[in-house]
Amino acid sequence: MQDAEATKVRFSFFKGGEDAVAPKGGEDFDWEKGALRVRENLHDALNAKNLAFLFGSGCSSLMVDGTQRGIATMAPLAKEFLGAAPGVDDARFATAAEREALTKHLGFDLNAEEFASNLERLMEVLYSFQFVLMRSASEEMAKGKDAVDSLIDKVTTFVTQKCSEAPFSKGDPAIVSLYQAFYRKLVYRDRTLPRPWVFTTNYDLLSETALDRLGMPYCNGFSGTIERRFNPTTYRYALAEQLDLTSRKWAAVDSFIYLCKLHGSINWIEEGGSLFPIREVPTAAATKGSRVMIYPTPMKQNASFGSPYSDLFREFQGRIVREQSVLFVVGYSFSDEHVNNLIFQALTVPTFRLVAFLPPNAPGVAQKLRSLHDPRIWLIGGAGPKDGTKAHYFDTFVEKFMPESPGDKVDTAVKKVLQELIAQGMKAGPNEGNGHDD
């Protein structure tokens, strides 16, 4: 969750009400030692019986030296879309006539503060108006219908464009490489445990791209080859390799991942005439004429409880309430009430554990979670290892907090031994204290 904190807040790791990395006995704070402590704790959490991740828009954002090399979060997107002056590009942004129609006939102001930092909130309101106008007999409100429909098309096209034309689509590997590193590290999870689930509110295709480039198999709820359609029963399947043809022995494939996109995707379209109307298509095929299946926070009865959203949220709820479940929340600001409620329900299960990466001074739900002092709630955030980085950012989580692969562990151990031996040798000097003259 990329944010612009004005002040540098010290790195913290709260397990309940105790900061597990706080310096004790007057010693200076060492970031790397704190990161090691976090990594040791997360190693056990990542090997819980039922493991799930929830990714928000912050996971798709990657700022490097002040340059966005991923996809901007909803706040910058809202600023760009709503900040465009009427007449600059009326084909992409709201026109003066559309703004006037919304204000005059629906009492809806695009300049309202609640939309300034959250494009999803604007989408939520637009879809709600569309739902009401389709069923309203009011002639006055009907005058604003064209403006609502037009803005929905523009916002959808804008988001689709931003998700598909980011730097990675032009050859910049940074953000996709980060996702690849994340999924590569998940492979080392104990193969006797159930396969991990990745839930995301993002519309982009970064997870799919990373998994494809790694050659890792995954289930995203779609089946078929020529026409891939959403079928929730595929989430009941597992991928296995046959070990012995004679005795019919099977073993689950280690690298298999379940991917569940709670708010839809830029390459999903709704297409009638089938028992399974949601199709997965190439991004270029999801044209303006298609009904691209991306939605805001699911507050609408017709969207949140209709397929595929009802099926996706059912999977999320069913996974995190299982016995000995751990949910990692990264890049998510707890701004989706429906998702939050499901997490709160999971907290009523004694064996559930929540590991959230959040700014230590984040308000709202994050503040309430801190005030609970629940030892099952782990909150990690604050300053990162370098200036301009944060402990609660996705890149820090992957690079510093996820356990290393066996090969990386050996390399790190060798590097540490060499550094310490060389450092001790320089301090002691040659032949000092060994009684020999080699």
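Annotation: Glu165, atom CD; neighbour count of heavy atoms from other residues, nucleotides and ligands within 6.0 Å is above 12. The neighbour count for Glu114 CD, taken as heavy atoms of other residues, nucleotides or ligands under 6.0 Å away, is above 12.
Classification of Glu124 and Arg121 as a salt-bridged pair holds, one side-chain N sitting under 4.0 Å from a carboxylate O. Using a cut-off of 4.0 Å between Lys/Arg side-chain N and Asp/Glu carboxylate O, Arg279 and Glu270 are scored as not salt-bridged.
Without hydrogens or angle criteria, Arg229 side chain to Phe276 main chain gives a donor-acceptor distance under 3.5 Å. Side-chain N or O atoms of Glu18 include none that pairs as donor or acceptor with a backbone N or O of Ala20 at under 3.5 Å. Not a single donor-acceptor pair under 3.5 Å links the side chain of Arg99 to the backbone N or O of Asp109. In this structure a side-chain-to-backbone donor-acceptor pair under 3.5 Å is missing from Arg376 to Gly16. Side-chain atoms of Ser61 do not come within 3.5 Å of backbone N or O of Gly58 as any donor-acceptor pair. A donor-acceptor pair is defined here as one N or O able to donate and one able to accept, closer than 3.5 Å; such a pair exists between the side chain of Lys185 and the backbone of Val398. Using a distance-only test at 3.5 Å, with no hydrogens or angles considered, a donor-acceptor pair links the side chain of Thr389 to the main chain of Lys386.
Nearest heavy-atom pair, Ala383 versus Trp31, reported as atom, atom and distance to 0.1 Å: O-NE1, 2.8 Å. Heavy atoms only, all atoms of each residue included: Leu205 and Asn267 are closest at CD2-OD1, 3.4 Å. Scanning both residues, Lys400 and Arg39, for their nearest heavy atoms gives O-NH1, 2.5 Å. The shortest heavy-atom contact between Phe158 and Leu77 is CE2-O, 3.6 Å. Across all non-hydrogen atoms, the minimal contact from Ala91 to Lys154 is O-CE, 3.9 Å. Between Gly34 and Val21, the shortest heavy-atom contact is O-CG1, 3.5 Å.
Phe55 has its ring centre no less than 6.0 Å from the ring centre of Tyr332. Note: Phe394 and Phe357 fail the aromatic proximity criterion, with ring centroids not under 6.0 Å apart. A distance of 6.0 Å or more separates the ring centres of Tyr235 and Phe316. Checked against the 6.0 Å centroid criterion, the rings of Trp197 and Phe199 qualify as a close aromatic pair.
In this structure, a donor-acceptor pair under 3.5 Å is present between the side chains of Glu98 and Ser150. Judged by distance alone, the side chains of Arg92 and Gln161 do bring a donor and an acceptor atom under 3.5 Å apart. When only modelled atom types and interatomic distance are considered, Asn231 and Thr233 share a side-chain donor-acceptor pair under 3.5 Å. In summary, the side chains of Ser57 and Asn202 do not present any donor paired with an acceptor at a separation below 3.5 Å, with no hydrogens or angles considered. The closest side-chain donor-acceptor pair between Asp90 and Thr95, if any, does not fall under 3.5 angstrom.
Using a 4.5 Å cut-off on side-chain heavy atoms (C-beta onward), Leu46 and Pro403 make contact. Looking only at side-chain heavy atoms (C-beta outward), Phe397 and Leu42 come within less than 4.5 Å of each other. Within the 4.5 Å cutoff, the side chain of Val132 has heavy atoms near those of the Met141 side chain. Inter-residue side-chain proximity for Leu122 and Leu110 is flagged as met; some heavy-atom pair is nearer than 4.5 Å. The shortest distance between side-chain heavy atoms of Pro360 and Phe14 does not fall below 4.5 Å. Within the 4.5 Å cutoff, the side chain of Asn47 has heavy atoms near those of the His43 side chain. No side-chain heavy atom of Tyr179 sits less than 4.5 Å from a side-chain heavy atom of Leu211. Side-chain contact between Val339 and Leu54 is present, with at least one heavy-atom pair separated by less than 4.5 Å.
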Given Asn41 and Lys15, is the side chain to side chain contact (heavy atoms under 4.5 Å, CB included) satisfied, shown in steps?
-> CA-CA 10 Å; Asn41 280 266; Lys15 300 174 68 174; 2.7 Å; yes
For side chain to side chain contact (heavy atoms under 4.5 Å, CB included), just list the numbers for Tyr393 and Cys59, CA-CA rounded to whole Å, side-chain angles, deciding distance to a tenth of an Å, and then say yes or no.
-> CA-CA 7 Å; Tyr393 284 178; Cys59 291; over 6 Å; no
Give the intermediate values and the outcome of side chain to side chain contact (heavy atoms under 4.5 Å, CB included) for residues Lys261 and Tyr203.
-> CA-CA 7 Å; Lys261 305 182 79 170; Tyr203 312 127; 5.9 Å; no
ring-ring contact (aromatic ring centres under 6.0 Å, His included) assessment of Phe328 paired with Phe53 = CA-CA 5 Å; Phe328 280 75; Phe53 295 86; 5.3 Å; yes
Take Thr192 and Asp190 through the test side-chain hydrogen bond (donor to acceptor under 3.5 Å, both in side chains) and record every step on the way to the result.
-> CA-CA 5 Å; Thr192 63; Asp190 190 336; 2.9 Å; yes
Would Leu259 and Tyr183 count as a side chain to side chain contact (heavy atoms under 4.5 Å, CB included) if you check the C-alpha gap in whole Å, the side-chain angles of each, and the deciding distance to 0.1 Å?
-> CA-CA 11 Å; Leu259 178 64; Tyr183 285 111; 4.2 Å; yes
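Atom CG of residue Asp395 and atom CD1 of residue Ile175 lie 8.0 Å apart, to the nearest 0.5 angstrom. Distance check: Arg370 CZ to Ser12 OG gives 8.5 Å after rounding to the nearest 0.5 Å. Within the model, atoms OG1 of Thr396 and CG of Leu178 stand 9.0 Å from one another, a figure rounded to the nearest 0.5 Å. If you take OG on Ser265 and CD1 on Ile278, they are separated by 11.5 Å, rounding to the nearest 0.5 Å. One distance of note links CG of Asn341 with CZ of Phe344; it measures 6.5 Å at 0.5 Å rounding. Interatomic distance, Arg319 CZ to Arg314 CZ, rounded to the nearest 0.5 Å: 13.0 Å.
Residues meeting the side chain to side chain contact (heavy atoms under 4.5 Å, CB included) test with Asn50, sequence neighbours left out: Pro194, Arg322, Ser325. Evaluation of the side chain to side chain contact (heavy atoms under 4.5 Å, CB included) rule for Lys145 yields Leu133, Asp149 as partners, not counting sequence neighbours. Contacts of Lys162 classified as salt bridge (Lys or Arg N to Asp or Glu O under 4.0 Å), with partners at least two apart in sequence or in another chain: Glu80. Here Arg195 pairs with nothing under the salt bridge (Lys or Arg N to Asp or Glu O under 4.0 Å) rule; sequence neighbours left out.
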Contacts under 3.5 angstrom, residues 212-226 side chains, donor-acceptor by atom type, not counting sequence neighbours:
from, atom 1, to, atom 2, distance (Å)
Asn220, OD1, Phe222, N, 3.2
Asn220, OD1, Arg228, NH2, 3.3
Asn220, ND2, Glu280, OE2, 2.8

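At least one test fails for Arg69 against the ring of Phe168: distance under 6.0 Å to the centre or angle within 45° of the axis.
Among residues at least two apart or in separate chains, ring pair (Phe, Tyr, Trp, His ring centres under 6.0 Å) pairs with a member in residues 358-378 are Phe13-Trp378.
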